Every structure is written in structure tokens, then in C-alpha cells.
Visitor: 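I am attaching a structure below and will ask some questions about it afterwards.
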Amino acid sequence: MSANTLTTTADLAERARAALRACGANGYEGTGPHAFSARSPITGEDLFTVAGSSESQVRAAISTTKAAFPAWRDTPAPVRGALIKRFGELLTEHKRDLADLVTIEVGKIGSEALGEVQEMIDICDLAVGMSRQLEGRTLASERPGHKLLETWHPLGVVGVITAFNFPCAPWAWNTAVALVCGDAVVWKPSQLTSLTALACSALLDRAIADAGAPAGIHRLVLASSAESAPLVDSPDVPLVSATGSERLGREIAPRIAARFGRTILELGGNNAAIVAPSADLDMATRGITFSAAGTAGQRCTTMRRLIVHEDIADELVARLTKVYTSLDIGDPFSAETLVGPLINEGAYAAMRDALERAVADGGEVVVGGERRLADSAAHGYYVEPAIVRMPAQTEVIRQETFAPILYVLTYRTFDEAIALHNDVPQGLSSSIFTTDQREAERFTSSAGSDCGIANVNIGTSGAEIGGAFGGEKTTGGGRESGSDAWRGYMRRATNTINYSTELPLAQGVNFG
Ligand code: SIN
């Protein structure tokens, strides 16, 4: 444990209330059948009780947003952009408050918590620009005096389901873009991070009022998965964008498909880096440590597998071991800390279980894997990030364990490295450390990584909002954030316009 003293639960509760107050959130504490505890992984203890949402409140949120949709749809896109501009200003003003809440609820260190809020501000900037650039295409018609167009239109109510590990950025990737596209949004965050959601939602409500937008275009529901069933099953929600586990995806995707709804899914990752003999090992060591140990291994993009050439494996593992043993693990509010706590006991149990299975498969734990205890953190789960050398890619490695475990495998030929890399069910993020241009090009070509994100000489985590974010295979295939991901929040219409005085039919058909 780092030398720093853990903040007490009472301090955390007070700090959370102050941040919520500053963001304009109130009336959230409560009791009743749907209430649940807000908790901080920093001490592993409850902060206070939050009034949750019932199933009928979820239905009401869908009705409210559905009713607000037509007016918002008919608002010009650049005017919709003005709302997002105001929201971005408020996020900037309250960056510190929001980052505090992210640290309190997730245990992210200050710099990463601020980074997550910055990501919301960045996506607002992008969405404001997008609001003046939503576009369609004009295509060549085969008929004289005819015009063939592709136009894009808002879908309606978008359900956004987010996970604990990124309590606000993925919501903003979805919401800023969906609102600019003219959709309305109902947000169901993880109940583990309801306070961050309350603060973000209060700021968006303020932006909506300041911009004179229809009040009902956004609703937050703090419901359990069971109570939020209408978000998944209602035909009034044409699109559900969900971030979470593969299990979540397997549960909701068939239900949404059964009603012909659309999904944007960002599910599990089992992200790997290949390290080639030509790699800059200083750079690789830094990039790997951030991606594998940072955020206590709780990013979807966390690096979980290292596929390293056998000639440099010992040296790279020795360098990583040295860095891992010097990582400051402890209170995420302390400036020295680099690794905060796991979210809860379940995450720790999953980590222990994976390590035991890896050892049973012949793995050797080179460093880490132990829980660190401090008197004031009796219920917090602070773990040493682990590196495990494995003889082969066994089943435990092919599964995602949401904890800081880095499995090391070795390769001899580049073909073998690519095959090992792609031989997992998930397909979110990937990277290669090499200075050989042929390898870099091959890795990012269609014969290389099969993931949605394939990086060169950086780690697997820490994406920028300008690109589309998402992955293949059991990661779900969805894309959020930048590039043309906005198309996922709109429906496409093909328009054929006849401005001639004749009525020629396509394909030369003659109908009398
Ligand atoms: C995540 O969604 O878990 C992480 C995003 C990132 O690392 O860029």
C-alpha cells in the first residue's frame, strides 16, 4: 500500500454530496422498495442510500422521451448542436466535481478520472461540429430527369446502458451524438455509479433549459436490470446502445432482435499486444504497464495478453516485473497512486479464481496477484497487478477476467503470433510494438489483427474520441463515438425524385 492514508467513508460521502450539489443534483437520497446503496471501492463501504427507479418509472421515462422526440427531430441540427455546446461548457466548468465522483465511485486515480471527463468534453466538441455536417449522398440515377438521394433521419428514443468502469464517457459518446442526430435518450447507468450519472444528468438538464430545448429529450433511470426491462423490450425504443459484459449482450441482444430493434453493443475485450524483436522495449514497457495495470485492469480495452517473441521474452518480463513492483497502489485521491482499488469483492474473487486456474494450467505467477490490506481499507480490494507466464493459450486466457492480470505467451514466427492473437472469442482492441514496417502494416491489414482497434507502438487502451470505438466477434460489432458512428443513431431513406415530365420505370420495364 502506498504511504498515503485512505480517505474515510464519511469524508467520501461528504465529498460526493458536495460535488452533486455543485452540479445541481438534488433529491436523490431516499428509501423505499427500489432504493440501493451508493458505495465507494476506496473503503468498500456504503456512502448513503439512493432512491432507485421502478419499472413504471422506466416506462414513464420512455413515454416522456417519446413525446419530446417530434419537436426535437424537427429542430434544425445546428440548433441541436447549440445544446451540446452549452453542455460541453457546463462539463468544463464542473470537470473537477465530476472527476471526484468518478474517483469516489470507481476508484480511478485523479488523472484518469479527469481524463474520462475530458473525453465527455471532447465528444461534445465533435458533436457540435457534426451538427453542421450531418450529410447524405446524391447518387447517379439510371433514369433521365431523376435524382437519387440518400437522406438520414433521427430514429426516436435511444436507450443507453452503461457499465461501472467508464461511468460517464460512453454515455456521452452516445448521448451527445444521438441528441445532435435528433434522437431522445433514456440512460440506465450501472447502479454502482449512480452518483456520477446523477451529476451528469443534472448538468445536461441545465443545458437543455439554457438552450430552450424540449425538457423531455433526456431521462435518467437508476433502475436494476430487472426493473429496466422496458428499455430492452419496448418497441418505443428503436435503438439500444449497451456497454457491458458478454453475458449482458447475450441476454439483451436476442430480446431486442425479437422485436426488430437495433443495437450498438460494446461487450467484452481480451486485448493483446504482440511485441516483436525489433520493438523499442522502453516504449513497450511503458505502454504495456499503462494498458495492463492502469485503471486496476478494469477497462474494456485493458491489455490482458502479451504475445512476445521468445528471444526478448525474458528481458521484457524482467523490465515489466521491475516496474510492477514499484507501482504505487492505494488511495486514488493520492497524487502518487497509480493503481486504485478493484470495484468490489466479486472482482477480487474472479481475479483469484483466474490466477488459480492459470497456475493449474502450468502458469507461473511472476509478480503480483496478492491483496494489500490496510486497517482503513478492510472492505476495499486493493490488488497487486499480476504477470503470469503461460505455456499455452488455455481456456482461462481465452476468457475476459476484469482484473489486472497480464498473461505472457511467446512466439517464434510472426504467423504464429497473429494466430495466437486472433484465437480468442473477443475482438475489441489490439496492438503491436515493432519497428519493422512490414510487421506493422501486416498487423493492421485484413490479414492481421481481427479487432475493431489495432494500434502500432501504443498500448490497447486510451482511445481518442475522433475514431469509431468498438469491436468484433463477441465484443458485439457496435461502433460509438467519432468517425461515421453517428449513422448508427439514424435511419437511412433512399429518395428517388422525378423532375421530368415522363414516367420511365427502372430496369426499362414497360407497363403499358
Ligand atoms: C473502455 O471503454 O473500457 C476504455 C476505453 C479506452 O480505454 O479507450
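Note that these values count all heavy atoms, side chains included, but never hydrogens, waters or copies made by symmetry. Note that ligands are numbered from 1 as they come in the structure, with each ligand's atoms numbered from 1 the same way. Treat the numbers as computed from the prediction; the structure is a model and nothing was measured. Positions are given from 1, in the same order as the sequence printed here.
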Visitor: What protein heavy atom is closest to atom 3 (O) of ligand 1, reported as residue, atom name and distance in Å?
Guide: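 Protein heavy atom at minimum distance: C300 N, 2.6 Å.
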
Visitor: Can you figure out which of T301, T295, T243 has its heavy atom closest to atom 5 (C) of ligand 1?
Guide: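 Looking at heavy atoms only, T301 sits closest to atom 5 (C) of ligand 1.
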
Visitor: Ring of Y381, cation from R371 - is the NZ or CZ under 6.0 Å from the centre and inside 45° of the axis?
Guide: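 Geometry flag: set, cation within 6.0 Å and 45°.
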
Visitor: With no hydrogens and no angle check, is any side-chain donor or acceptor of K473 less than 3.5 Å from a backbone partner on N422?
Guide: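 Looks like yes, one N/O pair under 3.5 Å.
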
Visitor: Against P385, only a single residue in I405, V323, I329 fulfils side chain to side chain contact (heavy atoms under 4.5 Å, CB included); can you say which?
Guide: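 Exactly one option meets the side chain to side chain contact (heavy atoms under 4.5 Å, CB included) with P385, and it is I329.
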
Visitor: Of all the atoms in ligand 1, which lie at a distance below 4.0 Å from a heavy atom belonging to N165?
Guide: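 Selected atoms, number and element: 3 (O).
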
Visitor: Please answer whether the main-chain N or O of V157 pairs with a side-chain N or O of D183 as donor and acceptor at a distance below 3.5 Å.
Guide: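 No, because the side chain of D183 does not come within donor-acceptor range (under 3.5 Å) of the backbone of V157.
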
Visitor: When you check the gap from the basic side-chain N to the acidic O, do K85 and D125 get nearer than 4.0 Å?
Guide: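 No salt bridge links K85 with D125.
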
Visitor: Can an N or O of F166 be found at a distance shorter than 3.5 Å from an N or O of ligand 1?
Guide: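 No, there is no polar N/O contact under 3.5 Å.
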
Visitor: Can you list the ligand 1 atoms lying under 4.0 Å from a non-hydrogen atom of S461?
Guide: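 Close to S461: 7 (O).
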
Visitor: With a heavy-atom distance limit of 4.0 Å, tell me whether T302 approaches ligand 1 through its side chain, its backbone, both, or neither.
Guide: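 Under 4.0 Å from ligand 1, T302 contributes no heavy atoms.
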
Visitor: For the aromatic rings, using the six-membered ring if either is Trp, is the centroid distance between Y489 and W173 under 6.0 Å?
Guide: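 They do not qualify: ring centres at least 6.0 Å apart.
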
Visitor: List the closest protein heavy-atom neighbour of atom 8 (O) of ligand 1: residue, atom name, distance to the nearest 0.1 Å.
Guide: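 The protein heavy atom lying closest is A463 N, 2.6 Å.
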
